[in-house]
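Below you'll find the structure, written out as structure tokens, and then a few comments.
Residue numbers begin at 1 in each chain, while the letters A, B, ... track the order of the sequences.
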Amino acid sequence: MFKIIHRYMDFLPATMAVLFLFGQTVCDLYLPTITANLVNKGILQHDFPYIIAIGCRMLIVAGLGLIAATVNVFLASRQSMKIGAMLRSKLYSKVLNFAGQEMNHFGTSTLITRTTNDVVQVQTVMFQVLRQMLRSPMILVTACVLAYIKAPRLTVIYLITLPILTVLCLLVLHYATPLFHSIQGKTDHINQIFREGLTGVRVIRAFNHEDHEQERFDQVNRDYTQTGVKAYSLVACLFPAMTLVLSLTDVGIIMYGGHMIAFKTLNVGDLIAFITYTTQILTSFMRLSRMFVSLPRASASAKRINEVLETPHSVRYEPTTTDASQQTTSSNPETGQSSVPAIEFRHVSFRYPGAERLALDDVSFKVPRDSTIAVIGGTGAGKSTLIDLLAHLYEPASGQVLVQGRPVNSIPANQLHHYLTVAQQKTVLFSGTVRTNLLKANPHATTDEIWHALDIAQASDFVKNAGGLDAAVQQGGHNFSGGQRQRLAIARTLVANADIYVFDDTFSALDFQTDANLRMALATDPQMKGKVICIVAQRVATVLNADQIIVLDNGKLVGCGTHEELARTNQTYQQIMASQLKQGGGQHA
Amino acid sequence: MHNGFAPHLRQRSKAEQAQNFWGTTWRLLRYLKPWHWLLFLSIIFAIAAVIFSVSAPKILGQATTTIYAGVKRGRAMGASVSQWPIDFHKVGHYAVQVLILYGCSAIFSLLQQLLTTQLAQRVVYTLRRDLKRKMRRLPVSFYDTHDHGDIMSRMVNDMDNVAATLQQGLIQIVTSAFTFIGVLVLMLTISLRLTLVALITIPIGMVIVGVISPKAQRLFGKQQATLGTINNQVEETYTGQQVVKLFGDEKREQERFEKGNKQYFNAAWKAQFFSILVFPAMNFVRNLGFLMVAVVGSFLVAQGQLAIGAVQAILQYQEQFSRPITQLANLANVFQQTIASSERIFAILDEPEMKSDTVKKAQPAQTSGPVITFKDVKFSYRPDQPLIDHFNLDVAPRQTIAIVGPTGAGKSTLINLLERFYDVNAGKILLHGVNTQDMTRADLRRHFAIVPQETWLFHGTIMDNISFGHPGASAEDVYQAAGLARADHFIRTLPDGYQTVLGEGSTEISTGQQQLLTIARAFAANPEILILDEATSSVDTRTESLIQAAMDNLRANRTTFIVAHRLSTVQNADQIIVLNHGHIVETGNHESLLAKGGFYARLYNSQFRHALR
Ligand SMILES: Nc1ncnc2c1ncn2[C@@H]1O[C@H](COP(=O)(O)OP(=O)(O)OP(=O)(O)O)[C@@H](O)[C@H]1O
Ligand SMILES: Nc1ncnc2c1ncn2[C@@H]1O[C@H](COP(=O)(O)OP(=O)(O)OP(=O)(O)O)[C@@H](O)[C@H]1O
Ligand SMILES: [Mg+2]
Ligand SMILES: [Mg+2]
């Protein structure tokens with residue numbers, strides 16, 4: 001919480017806010033002093049002109065108070081909302097730039113909650129801090145001082161009351177804070193189960209797991225409710241306890257003050273003023289206590305926000321000195337030296353955090369420009385990992401990945417997509433329309449370009465059927481079949497403008513006919529001329545004609561060459577072939 | 001434009017204004033009904049607490065008056081007395097009274113708050129439970145057509161709003177209203193004239209509230225709407241974060257976000273400003289009243305028409321008197337928001353449900369006839385686009401049926417119908433001769449285990465994920481199923497083996513490995529009918545053939561549906577159904593279909609034509 005205040009608070013307006021708050025507080029507190037004079041001098045001495053004069057003074061003070069308060073509210077609301085906006089945009093850009101590792105570490109749903117819900121919690125409390133939190137101590141101090149001026153000896157009573165109140169507040173804070181922390185964690189849990197119910201509805205229903213889901217949810221819900229009841233009950237005790245202390249103080253003042261009056265050491269007006277001060281001190285304590293409800297929750301939220309903001313990026317950008325010169329040559333393969341490979345892996349090794357074995361182990365290969373490469377290998381061999389390293393979603397443990405002769409970590413993240421574009425293995429579509437989805441890859445694409453990409457991806461037929469580019473794409477693209485979703489994702493990749501196009505097993509849901517047509521279109525399309533195409537696949541038929549096939553097994557590169565070479569010499573490749581030829585119509589191959 | 005067919009929930013942008021304020025309020029209040037005695041008691045306690053605390057300042061004022069009386073008496077006696085003759089017996093008496101009053105008030109307000117906490121938390125518990133239950137009764141089509149981000153936002157943010165209001169707002173209305181009435185009554189008993197003076201401030205206050213409040217409310221509406229927009233964007237781009245990154249879209253998304261964020265900021269600070277401004281403004285009005293009471297009171301006291309304690313008491317009441325008005329104004333805002341939030345929650349609760357199946361209890365008997373029969377089935381997702389029509393199919397027991405066809409042919413749709421994720425428009429599907437519509441969905445689904453086209457695993461251990469379909473499964477069963485699905489090996493190489501916890505999206509394992517787990521999950525369920533929808537599309541062919549060999553061994557005692565594009569997978573099927581545009585084009589086994597040289601043969605041979613360039 002304090003970190004956030006320290007980092008994101010604009011100190012000038014914040015200080016101003018506090019100053020005006022102080023002004024308002026002084027005005028608020030000055031009024032009883034004037035009232036005391038009114039009683040002591042005006043009423044007791046029947047001095048009517050004095051009463052009028054003092055009335056005017058009261059009016060001025062009240063007016064000043066209003067002005068100060070207005071300025072304070074103005075500054076406080078702007079400042080707190082600004083902090084909220086700043087946190088939100090910081091979080092957003094941080095998360096957008098997260099590498100795979102950080103995304104996996106947190107998980108999507110908690111990141112969403114942190115960016116939306118937690119920020120709102122913090123900004124709300126920030127306002128309260130600027131408006132109330134400081135006001136209460138200020139009232140406390142000012143009221144004590146004013147009270148002391150009025151009747152120094154009566155303030156002795158505060159010496160008993162205030163410590164009691166402080167201890168009360170601290171006790172409640174002490175016991176409530178952990179409860180509120182745990183509430184925030186439980187909110188996450190409830191949300192996660194509910195979200196799983198949304199994403200997994202088919203599986204949950206198919207396996208008749210709904211009762212169990214409901215029970216799981218009810219359990220967390222109950223748990224959350226119980227913690228909530230505990231936390232709020234604790235806070236509920238504070239208010240009545242304070243009322244009691246207030247009454248004791250009042251009685252003490254009346255008794256003690258009465259005696260003082262009797263001995264002529266106190267005026268009746270001062271006694272009235274003193275009681276008013278006491279009421280104000282105690283009200284401010286109560287306001288403070290009400291904030292104890294939101295403060296622990298907000299500080300839990302602040303902590304969660306800081307966790308995200310302070311996560312170091314596992315993927316680093318290291319500009320090299322030759323940056324500028326290389327950029328001009330390499331972004332255009334036509335003019336670049338053709339000797340520089342389009343993709344190069346130099347002894348790349350990679351291990352996922354927490355994993356025992358290497359996901360990629362000393363992988364080296366080169367891909368010349370204007371060629372087609374294929375990556376083949378068993379399930380979990382490391383194909384997607386290789387692609388992710390190429391796209392710089394992860395940082396290799398050792399070795400170097402180069403694109404167009406440049407190390408990927410010297411290419412700024414927002415430039416990399418000019419070099420290469422990837423269709424990922426798991427299709428992600430956004431709700432919206434076909435057009436909005438495709439424009440994600442290239443906002444400047446014309447309608448013709450979009451249709452052309454759809455044509456190559458063999459998607460134009462069903463898109464036309466669905467109603468053209470403005471056909472709705474619903475949640476996760478669920479109004480399209482698995483293969484149709486995949487083709488939309490392929491088309492999206494083709495809309496992008498890059499030198500290297502990567503398809504990570506994105507033909508898996510296509511039937512052979514469509515698959516073949518698609519590859520045919522890719523191979524013959526003029527737009528694809530001079531580009532590097534990299535296909536990850538399982539079927540030998542798909543990779544057959546690639547200029548170079550990379551065979552991965554258990555994270556190791558076990559073969560690299562053309563189909564003919566590998567079919568002759570590479571054992572792993574032979575096994576893969578065998579598994580497909582055995583059943584897959586050996587007579588044709 | 002085809003947005004028309006998607007039954008969208010009411011859009012966020014309109015959501016801030018409650019459509020049917022009183023209807024929704026009434027409905028929300030009905031949620032309190034099961035705990036009406038709790039509510040009743042807490043209202044009683046709240047009133048009691050108010051009465052006690054409200055009358056205390058009056059007594060305190062009487063104590064002051066007594067002291068002042070002593071002073072006056074002393075003055076009358078002349079300045080010679082060393083000590084004013086104050087009646088301390090009487091003052092002490094009042095002091096005890098004040099103590100008792102405050103004590104009672106404290107006890108009652110404690111009880112009230114404890115009850116309210118119970119009430120609020122229970123109501124929200126019920127609301128949350130009902131929402132989850134409702135989700136259970138909604139058809140799969142609801143899930144397919146509604147943004148998860150939006151539903152989650154209702155579950156999280158709107159629920160939060162309702163909870164906060166119930167916790168703090170509800171009783172505050174009662175307290176505020178009764179404080180107002182109580183204070184008014186007491187002020188009247190003290191001094192009619194001073195009360196009238198104090199009352200002058202009310203119209204002024206009303207005007208101020210009337211001017212500022214609607215403004216704040218409008219701004220709040222704008223704030224919530226813009227917040228909804230930003231939240232939607234967050235939900236969307238975080239879910240597809242890698243896609244955004246891979247296309248270098250971060251900057252544009254960030255710009256779009258900044259724009260929304262800025263709009264939000266502009267609306268939010270103004271909303272905050274105006275809604276809080278009411279308080280200092282009312283404070284000023286209160287001070288105005290304070291002033292008038294003091295001045296008029298002074299005159300009255302000076303003229304001997306009023307006791308000094310009465311002025312003090314009225315001054316103290318003056319403070320309590322204006323606060324409820326401010327609070328009520330503020331609560332009106334809060335309630336508007338809460339009702340709008342409840343309305344969004346109720347909108348989901350009002351969604352049309354699936355046909356209930358509680359009354360149907362038909363149980364299929366094990367007959368010798370076909371296991372599954374499709375009879376004249378007609379179905380389409382959208383009325384304007386017919387998909388499946390006059391579909392007929394008989395499946396003999398213990399057969400392996402392969403469904404092949406181009407993408408979008410309707411293969412997954414058939415499975416949707418079989419599992420009753422969607423219901424047929426016409427015709428019927430029979431299981432052992434019983435119409436599946438006459439069975440409960442749970443009974444029907446007990447016969448099946450499915451590997452859906454889209455992999456889904458939940459946040460939990462691998463062990464729990466595999467035993468998902470068979471909750472009583474022993475560790476041995478799980479190992480066996482994993483072994484059959486060829487998942488055992490890779491699971492054992494993980495540092496935590498079967499106890500490895502999969503996170504959201506199970507990114508800890510490769511896509512193919514995820515698919516192996518879903519296959520293992522189906523195997524562990526050991527069903528009568530196994531449905532594989534592209535179950536091995538991301539699995540390498542070596543592993544696939546091993547799985548197939550394992551399945552072939554088990555084929556003897558179960559009926560299997562296989563949807564696959566890799567025709568190698570379907571060659572051994574007893575019956576291959578070739579589907580195109582929702583119609584059966586041809587049926588037969590691999591050899592006969594190849595010999596026929598039709599659609600299947602073309603499809604089959606296409607895998608060897610023009611491979612990569
Ligand atoms: N929820 C839905 N709403 C509207 N249309 C849908 C929906 N689901 C599928 N469709 C449409 O119905 C047709 C058949 O879809 P289905 O998912 O059955 O195809 P499929 O044969 O399984 O294809 P694939 O091999 O690509 O998975 C497709 O044209 C698809 O666009
Ligand atoms: N985030 C992760 N944390 C830990 N281990 C991981 C993670 N992602 C992948 N792995 C492991 O790294 C290995 C390689 O995974 P990768 O996704 O690259 O496989 P793949 O070749 O793409 O397989 P598939 O054909 O199934 O997609 C696998 O054994 C997998 O379990
Ligand atoms: Mg992969
Ligand atoms: Mg399908």
Side-chain angles (χ1 to χ4, degrees), chain A residues 42-43 46 51 55 58 62 66 69 73 77-78 81 85 96 104 107 115-116 198 200-201 203 206-207 217 225 228-229 232 236 240 243-244 247 251 254 258 262 268 272 356 378-380 417 422 425 428 441 467 472 478 481-483 508 511-513 516 520 523 544-545 579-580 583-584 588, chain B residues 2-3 63 67-68 84 86 95 102 106 109-110 113 117 121 125 132 143-144 148 231 234 240 243 246-248 250 265 268-269 272-273 276 280 284 287 291 295 298 301-302 312 406-408 450 453 456 469 495 504 507 510-512 537 540-542 545 565 568 606-608 610-613:
Chain A
I43 301 180
H46 300 246
I51 289 177
M58 279 175 91
L66 175 62
V73 174
S77 27
R78 269 188 78 94
M81 291 303 165
L96 274 198
N104 296 348
T115 313
T116 56
L198 294 180
V201 58
V203 174
F207 287 102
F217 183 83
T225 307
V229 167
Y232 285 105
T243 315
L244 265 186
S247 65
V251 168
I254 281 286
V268 178
I272 294 178
E356 263 169 15
T379 295
H417 68 279
V422 180
Q425 193 167 12
V428 177
H478 278 289
S481 84
S508 64
D511 59 279
F512 281 122
Q513 183 82 54
M520 182 74 172
L544 205 61
N545 287 1
S579 70
Q580 295 177 28
Q583 312 142 309
H588 295 273
Chain B
H2 281 267
N3 294 328
I67 294 175
Y68 181 56
W84 303 127
I86 295 172
Y102 273 129
S109 87
L110 177 65
Q113 297 219 26
T117 302
Q121 297 293 330
Y125 169 84
K132 179 75 186 164
Y143 291 78
D144 282 351
H148 292 173
N231 285 359
V234 169
V243 175
L246 287 172
F247 292 127
E250 300 105 313
F265 168 74
W269 80 260
Q272 183 79 290
F273 175 68
I276 299 297
F284 179 72
N287 283 335
L291 175 75
V295 173
S298 304
V301 172
Q312 180 211 328
T407 70
I450 183 173
Q453 192 168 10
W456 179 83
E504 253 177 295
T507 41
S510 83
T511 314
S537 61
D540 72 76
T541 44
R542 276 180 300 172
S545 58
H565 288 309
S568 57
S606 65
Q607 60 183 310
F608 305 107
H610 38 240
L612 217 58
R613 57 177 164 171

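Listed options A:Val428, A:Leu96, A:Thr243, A:Val422 were ranked by heavy-atom pairs under 4.5 angstrom with chain B; first place goes to A:Leu96. When the candidates A:Gly107, A:Ala69, A:Gly258 are compared by the number of heavy-atom contacts under 4.5 Å with chain B, A:Gly258 comes out ahead. Among the candidates B:Gly408, B:Gly248, B:Gly512, the residue making the largest number of heavy-atom pairs closer than 4.5 Å to chain A is B:Gly248. When A:Thr116, A:Thr115, A:Ile254, A:Leu198 are compared by the number of non-hydrogen pairs under 4.5 Å with chain B, A:Leu198 comes out ahead. Interface check for chain B: of the options A:Ala206, A:Gly482, A:Gly483, the most heavy-atom pairs under 4.5 Å are formed by A:Ala206.
With a 4.5 angstrom heavy-atom cutoff, A:Thr379 touches chain B via backbone and side-chain atoms both. Interface residue B:Tyr143: backbone and side-chain heavy atoms are both found under 4.5 Å from chain A. Using a 4.5 Å cut-off between heavy atoms, B:Ser537 contacts chain A through both its backbone and its side chain. With a 4.5 Å cut-off on non-hydrogen atoms, A:Glu356 touches chain B through its backbone and its side chain both. Residue B:Ile67 touches chain A through its side chain alone, counting heavy-atom pairs closer than 4.5 Å. For B:Glu250, the parts lying under 4.5 angstrom from a heavy atom of chain A are both the backbone and the side chain.
Between A:Pro240 and B:Ser109, the shortest heavy-atom contact is CG-OG, 3.4 Å. Here the shortest heavy-atom pairing between A:Ala236 and B:Gln113 reads CB-CB, 3.5 Å. The two residues B:Pro280 and A:Val73 come nearest to each other via the heavy atoms CG-CG2, 4.2 Å. In plain terms, the two heavy atoms of B:Thr117 and A:Gly228 that are nearest each other are CG2-O, 4.4 Å. Closest approach of B:Ala268 to A:Met81, counting heavy atoms only: CB-SD, 3.6 Å. Between B:Ala106 and A:Leu244, the closest heavy-atom pair is CB-CG, 3.8 Å.
Side-chain N or O atoms of A:Asn104 include none that pairs as donor or acceptor with a backbone N or O of B:Thr507 at under 3.5 Å.
Side-chain polar atoms of B:Gln121 and A:Thr225 form no donor-acceptor pair below 3.5 angstrom.
Note that CD of B:Gln453 is 6.5 Å distant from OG of A:Ser481, once rounded to the nearest 0.5 Å. Atoms CZ and CH2, on A:Arg78 and B:Trp269 in that order, are 5.0 Å from each other to the nearest 0.5 Å.
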